[in-house]
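Reading through the structure tokens given below for one structure.
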Amino acid sequence: MWYTWIILDKRTLKIPFASEKHALIAKQTIEVDPELQPHAVKRIITVEENVLIAAFSTLTIRLARLVANAFLENVDLVVRTLEQFGEEAENPPSS
Amino acid sequence: MHEIDCICFTKGPGMGAPLQSVALIARTLSLLFNKPLVGVNHCVGHIEMGREITGAQNPVVLYVSGGNTQVIAYSRQCYRIFGETLDIAVGNCLDRFARIINLSNDPSPGYNIEQEAKKGKRLVSLPYATKGMDVSLSGILSAVEAYTLDKRFHEEGAEDKDLITPQDLCFSLQETVFAMLVEITERAMAHIGSKEVLIVGGVGSNERLQQMMGIMAHERQGQVFATDERFCIDNGIMIAQAGLLSYRMGYETPLAKSTCTQRFRTDEVHVAWRN
């Protein structure tokens with residue numbers, strides 16, 4: 001599955017999701033884990049309509065690469081889970 | 001998925017990256033299907049699966065794996081750690097020695113050490129390091145590794161020569177560390193007057209360990225319970241089992257608290273489902 005993202009300012013990642021609900025799920029899932037180096041990395045995760053937006057500020061370029069990589073790996077896991085189970089979730093059994 | 005009651009996941013202890021991967025998926029599913037999360041302690045998972053499979057009532061539990069080595073006994077809604085390793089886990093010790101003597105990892109280094117040990121003929125002297133109720137294993141690993149640099153160490157040779165083979169070292173290592181584990185288990189049994197031993201964790205599938213524990217338990221008119229490899233080795237259903245037991249008592253993990261931690265002591269869990 002292709003997903004498009006745009007980097008702005010070299011510090012912001014924007015990932016569109018299938019719906020606002022999915023984007024919110026991604027935000028709530030990923031933001032639970034704190035950054036491993038809070039003194040060196042500032043992270044703000046927000047949602048605008050169906051787009052997940054992550055803005056990072058880091059003390060070094062190396063950290064920018066690391067946190068972006070880790071964030072995208074987490075997004076990838078969430079996206080694959082949503083892909084696998086999203087349809088089933090939309091169709092609850094009528095009882 | 002709509003029919004399930006809750007989603008259980010391992011909160012810890014363990015390695016950070018795998019734990020976090022699972023937590024992310026668990027949280028996603030929890031939000032997608034609106035099901036509560038239940039964070040589970042990995043060690044408690046082993047214990048509850050062992051109790052369920054074997055039917056042991058109130059055993060002293062020897063939890064031995066690559067990452068953990070603990071002697072646990074239940075008392076007043078807590079799995080209390082009576083004794084444990086002061087440094088590395090016994091599975092870690094065995095696996096690292098398997099690598100030193102170039103044993104295959106297929107199916108597992110521990111299994112291959114067990115098979116090689118059966119061909120050992122000579123018991124070499126290794127430090128026997130029980131410290132009260134605890135054990136120390138890193139010194140033994142260094143000692144057995146030192147034997148591989150000994151001039152008597154040879155892969156194979158004539159039987160009448162003064163030889164130490166890798167099989168002899170496997171045998172000696174197993175006999176020594178397992179005897180230590182049997183001793184600290186026996187201390188816990190004597191302390192609380194228990195007659196049952198439950199062995200859980202990957203190293204619990206070692207038949208020599210089960211045999212040695214059986215000899216000790218038999219001398220105390222007790223018995224040993226062990227599961228087969230399907231449940232000794234880490235698995236998902238033990239997490240579901242332990243999670244379900246705590247969920248039934250009303251325990252849930254809120255999303256904000258569903259982080260994972262690499263250090264999570266067995267005795268930090270409130271065992272509400274037993275009295």
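In what follows, chains carry the letters A, B, and so on, assigned in the order in which the sequence lines appear, proteins first and then strands, with residues in each chain numbered from 1. Scope of the values below: all heavy atoms of this structure, side chains included, with no hydrogens, waters or symmetry mates. All values reported here derive from a predicted model rather than from experimental measurement.
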Inset, instruction - Mark yes when over 12 heavy atoms from residues, nucleotides or ligands other than B:Met15 sit less than 6.0 Å from its CE; otherwise mark no. - result: no

Inset, instruction - Could you check if a side-chain atom of B:Arg27 sits within less than 4.5 angstrom of a side-chain atom of A:Ile25, using non-hydrogen atoms only? - result: no

Legend entry - Within-4.5 Å side-chain heavy-atom neighbours: B:Leu24 and A:Asp33: yes

Inset, instruction - For A:Val32 and B:Ser258, work out which heavy atoms get closest and say how close. - result: CG1-OG, 3.8 Å

Inset, instruction - Can you see which heavy atom on B:Leu32 is nearest to which on A:Lys21, and at what distance? - result: O-NZ, 3.8 Å

Inset, instruction - Using a cut-off of 6.0 Å, state whether more than 12 heavy atoms not belonging to A:Asn91 lie near its atom CG. - result: yes

Inset, instruction - Might you confirm whether atom CZ of A:Phe71 has over 12 heavy atoms from other residues, nucleotides or ligands at distances under 6.0 Å? - result: yes

Legend entry - Nearest non-hydrogen partners of B:Gln20 and A:Asn74, listed with the distance: NE2-ND2, 3.6 Å

Inset, instruction - Evaluate whether atom NZ of A:Lys42 has more than 12 neighbouring non-hydrogen atoms of other residues, nucleotides or ligands under 6.0 angstrom away. - result: yes

Legend entry - Closest heavy-atom pair and its distance - A:Pro92, B:His2: CA-NE2, 3.5 Å

Inset, instruction - Could you look at B:Ser21 and say if it's the side chain, the backbone, both or neither that has a heavy atom under 4.5 Å from chain A? - result: both

Inset, instruction - Decide if atom CD1 of B:Ile237 counts as having more than 12 heavy atoms of other residues, nucleotides or ligands within a radius under 6.0 Å. - result: no

Inset, instruction - Can you establish whether the number of heavy atoms outside B:Arg230 located under 6.0 Å from its atom CZ is more than 12? - result: no

Legend entry - Crowding at CD, B:Glu268 (>12 non-hydrogen neighbours, <6.0 Å): yes

Legend entry - Euclidean distance, A:Thr29 OG1 relative to B:Ile25 CD1, rounded to 0.5 Å: 10.5 Å

Legend entry - A:Gln28 side chain to B:Leu31 backbone, donor-acceptor under 3.5 Å: no

Inset, instruction - Identify the heavy atoms of A:Glu88 and B:Phe33 that sit nearest to each other, and give their distance. - result: C-CE2, 4.1 Å

